[in-house]
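Down below is the structure, laid out as structure tokens.
Within every chain, numbering begins at 1; the chains are lettered A, B, ... in the order of the sequence lines, protein sequences first and strands thereafter.
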Amino acid sequence: MKYNFTKQELKWQKFWEKEKIYAFQNNGKVFSIDADPPTLSGQMHIGHVSSYTHEDIVARYKRMAGFNVFFPFGVDDNGLPTAKLVEKENKVRFFDMQKNEFLKLCNQTIKKLLPEFISSWKRIGVSCDFTNTYSTISPEIQKLSQEMFLKLIEKKRAYQKESPTLWCSGCKTAIAQAELEDKETKTEFCFLEFKLKKDKKVINIATTRPELLPSCVAIFVNPKDKRHKKLIGETAIVPLFGQEVKILADKKVEIEKGTGIVMCCTFGDTTDIEWFLEYKLPLSICIDKNARLNDLAKEFKGLTTKQARETIKQALEEKGILKDRKEITHMLNVHERCGTEIEILSTKQWFVKYLDLKKEFLAQSGKFNWYPPFMKARLDNWIKGIKWDWCISRQRYFGIPIPVWYCKDCGEIILPDKKDLPIDPTHTKPKKKCSCGGNDFIPETDVLDTWATSSLTPQIAKAKIPMSLRPQAHDIINFWLFYTLARSYIHFKKLPFKDVFISGFVLDEKGEKMSKSKGNVIKPENLIENYGADAIRYWASQAGMGEDIRYSEEEIRIGKRTVTKIWNASQFCLMHLKAYKPNKAELKFIQDEDKWIFTKLSEAIENYCEKMDKYEYQRAKEIIDSFFWNDFCDNYLEIIKHRVYDEEIEKKSLRAAQFTLYNILLSVLKLYAPIMPFITEEIYQSYFIKFEKEKSIHLTFLPKPDKKFLTEFKDFELVIEAIAQIRKYKSEHHLSMNAEVESIKIKSSPKIKKYLPLLGKLMSVKQIKIS
RNA sequence: GGGCGGUUAGCUCAGUUGGUUAGAGCGUUUCGUCGACAUCGAAAAGGUCACAGGUUCGAGUCCUGUACCGCCCACCA
């Protein structure tokens, strides 16, 4: 009989769901997991398979170790990422549509995609409590998120301000520092001539962004630069646009770079902002929210920044101002969601004030138990480098509305009552007049950053904090991990969770990142079909904490082979357990080889748990693999074959062997269950269910190690060693393993003597001599 | 430029607090099947542990430095 994994895996998946095997029981020892609500996308990708397998192995292990495991499931279908998916799926752009239409489309699309999306998680055997699946855009979570936002206002942590903001012209919204990504870009250094007002003398300035000339508000040189020292205090005239700007000194100017003279525009980069603030420079913005030049750019108005760059270069060239060009490659900040180059504009946004809390955040980071420890440095590094308060307002249609109005008369911010949440201020009005007596209100149209909601996952799940474990990948340390830490500290002065487990990425077979443009993306659904979920989980479980994992069809094949081996070994065991009823009384008849395998199992359990407790599931897997394959299959099963086949064997001996088989096999299945939940359930249900009280193997407890047979174990190890010697002898003489041998000499201790008859029978050797 | 990882058999990786001939899986080679399994079993070959110094009776394991690979952050005139 062959194991039909496709059919059986689906069967058990349905069984678990119907029987609510993983529903959370809120009592006793609780182990709570702050699971990552996957961002709604068309399909589950292989990275999800890997990271969810990891946390699921932990969840299943903890459950079998006696914990009540809180493992909620949610989908993040809120805000920008989902809106972008909706735009892609329906081939629309939000700004071409009416807000209401777009929102309707969002809801429709989510409804369409969600069920299949969630089913992928069930298909790979994730043991979340699906009886309570949440969606981050649901009204309940909108309410929670808005309520927490109002609390930020109460605590004077949320504030609104017009200030330089990171702006994505592709998504047409402000974004946060964490959403920046590097992108290597080729560009040209342009060497321009500016004239001094005083004597029309020429100075040379190098810039990569001539389109920002209209925004030039000052020129800087390094005070230590002997070449340019005399320029300090002079006034220069900006070419083409004619504005007069002061030449100032600042040590941030690199003498070696360009010509050592730099123009400061509002705003080209963060240094410009610093200078703008420090030297109280005028604000002069020439780029609008669509990344097109505005009135300030005069005849260049309406051009995109890219067009303007070329057109202005041309104009400069014609006038002889552009003296030289030099191609360079440098890093640009782009939006991680769309790759659009980021501009810095002055806009009015809502921020969460937290720059003053860096020290506290670092202290919180130090209180986590980090797995692996070195990942702490990543978070700390990020916290130390934060330059901006958290911009949480987004100029988008789809998301959780920022629940405020502004009084038309006095501009006062009007907040809703908590009991009325969730609200959309564009749909409802405040219930009271403004304190100034005004009764006209302007609704806030912005929505919240998705992370403003995702940073509340413990509260969303209604978990008690600190939770036990946060599992997540390293790419969102600056986002999810950091924001959750920050929110938890600001609201509760508490850690959100105790342990942090960081997992890695899935790379392709060559070790390169997967990306659509490279065409090396592996889709999990085909793999599940061909190899089964257990096999894929087996592959995924080889990556340890903090490690990237390579996609490896070979490793999946090994996983499938392991499933088959478990199946076959079980068939053998069950064949000989047909007429057997478990009876503990058999224990007193067990023989030394039984005691040996029991002790070997105990060692394996001990090591396995030690690794699992440290989240080193990949090591735990190796331990059970080696016990099952080498000790149990290759040795023990071979050793006891005569006891289960020989008609003349004593009943006691047979039953003792059956007793051992029953217990060892069940233990093996339990130890494999967190990694391969399907095959283990299959065998449990096909036999053990008759005698065990739990309705699923996943509700049973792991066996306890027991070393009362240590002496017999050590003696019997001699037999195992002797078998190896005889196997080697036969192999070297090209004999089959059951070929008869007259006489053989082995190296061993006299203690082996009592086992010689057994050994001779096992290995078909008539006479064994010891040296 | 700042920070963090990594460099051990052809490949993917283990090597705990420094201690006898450095391990596993895959691959390779040789051999073995009608009593669970050829998706199997047995055996063999294969490594100057990136490099250079140092500590030590003794270092893959500790210290210093170098090189290369990867990642995060910053810069990005």
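Proximity of A/Lys728 to the phosphate of B/A44: a side-chain N or O atom is located under 4.0 Å from OP1 or OP2. Remark: A/Asn478 is in phosphate contact with B/C73, judged by side-chain N or O atoms under 4.0 Å from OP1 or OP2.
Using a 4.0 Å heavy-atom cutoff across all strands shown, A/Arg550 reaches sugar-phosphate atoms only and no base atom. Counting any heavy atom pair closer than 4.0 Å across all strands shown, A/Asp269 reaches sugar-phosphate atoms only and no base atom. A/Ile558 comes within 4.0 angstrom of sugar-phosphate atoms only, judged by non-hydrogen atoms across all strands, and of no base. A/Asp634 comes within 4.0 angstrom of sugar-phosphate atoms only, judged by non-hydrogen atoms across all strands, and of no base. A/Glu547 comes within 4.0 angstrom of the backbone, heavy atoms only, and of no base. Using a 4.0 Å heavy-atom criterion, one finds that A/Val253 contacts the bases of the nucleic acid, with or without backbone contacts as well. Contact annotation for A/Thr270: backbone-only contact, meaning every heavy-atom pair under 4.0 Å involves sugar-phosphate atoms and none involves a base. When heavy atoms are screened at a 4.0 angstrom cut-off, A/Lys257 is found touching base atoms of the nucleic acid. Residue-level contact check: A/Trp629 touches the backbone only, with heavy atoms under 4.0 Å from sugar-phosphate atoms and none from bases. Using a 4.0 Å heavy-atom distance criterion, A/Thr185 is classed as making no nucleic acid contact. Looking at heavy-atom distances under 4.0 Å, A/Glu555 makes no contact with the nucleic acid at all. Backbone-only engagement by A/Gln177 is indicated by non-hydrogen atom pairs under 4.0 Å involving sugar-phosphate atoms exclusively. Across all strands shown, A/Phe189 has heavy atoms under 4.0 Å from sugar-phosphate atoms exclusively, and none from any base. Residue contacts shown for A/Lys641 include a base, since a base heavy atom lies under 4.0 Å away.
Annotation: A/Tyr483 is in aromatic contact with A/Trp390 [ring centroid separation under 6.0 Å].
A salt bridge links A/Glu593 with A/Arg643: the closest approach of a Lys/Arg side-chain nitrogen to an acidic carboxylate oxygen falls below 4.0 angstrom. Residues A/Asp508 and A/Lys510 are not paired through a salt bridge, judged by the lack of any N-O separation under 4.0 Å between the basic side chain and the carboxylate. Salt-bridge annotation for A/Arg727 and A/Asp634: absent, with no side-chain N of the basic residue lying under 4.0 Å from a carboxylate O of the acidic one.
Contact detail for A/Val238 and A/Leu213: the closest heavy-atom pair is CG1-O, 3.7 Å.
A donor-acceptor contact under 3.5 Å links the side chain of A/Lys2 to the base of B/U39.
For the P atoms, the distance linking B/C49 with B/G35 amounts to 47 Å, nearest Å. Comparing the C1' positions of B/U56 and B/U61 gives an interatomic distance of 13 Å, to the nearest angstrom.
Where A/Arg619 and A/Leu637 each meet RNA chain B at their nearest nucleotide, the meeting point lying more 5' is that of A/Arg619.
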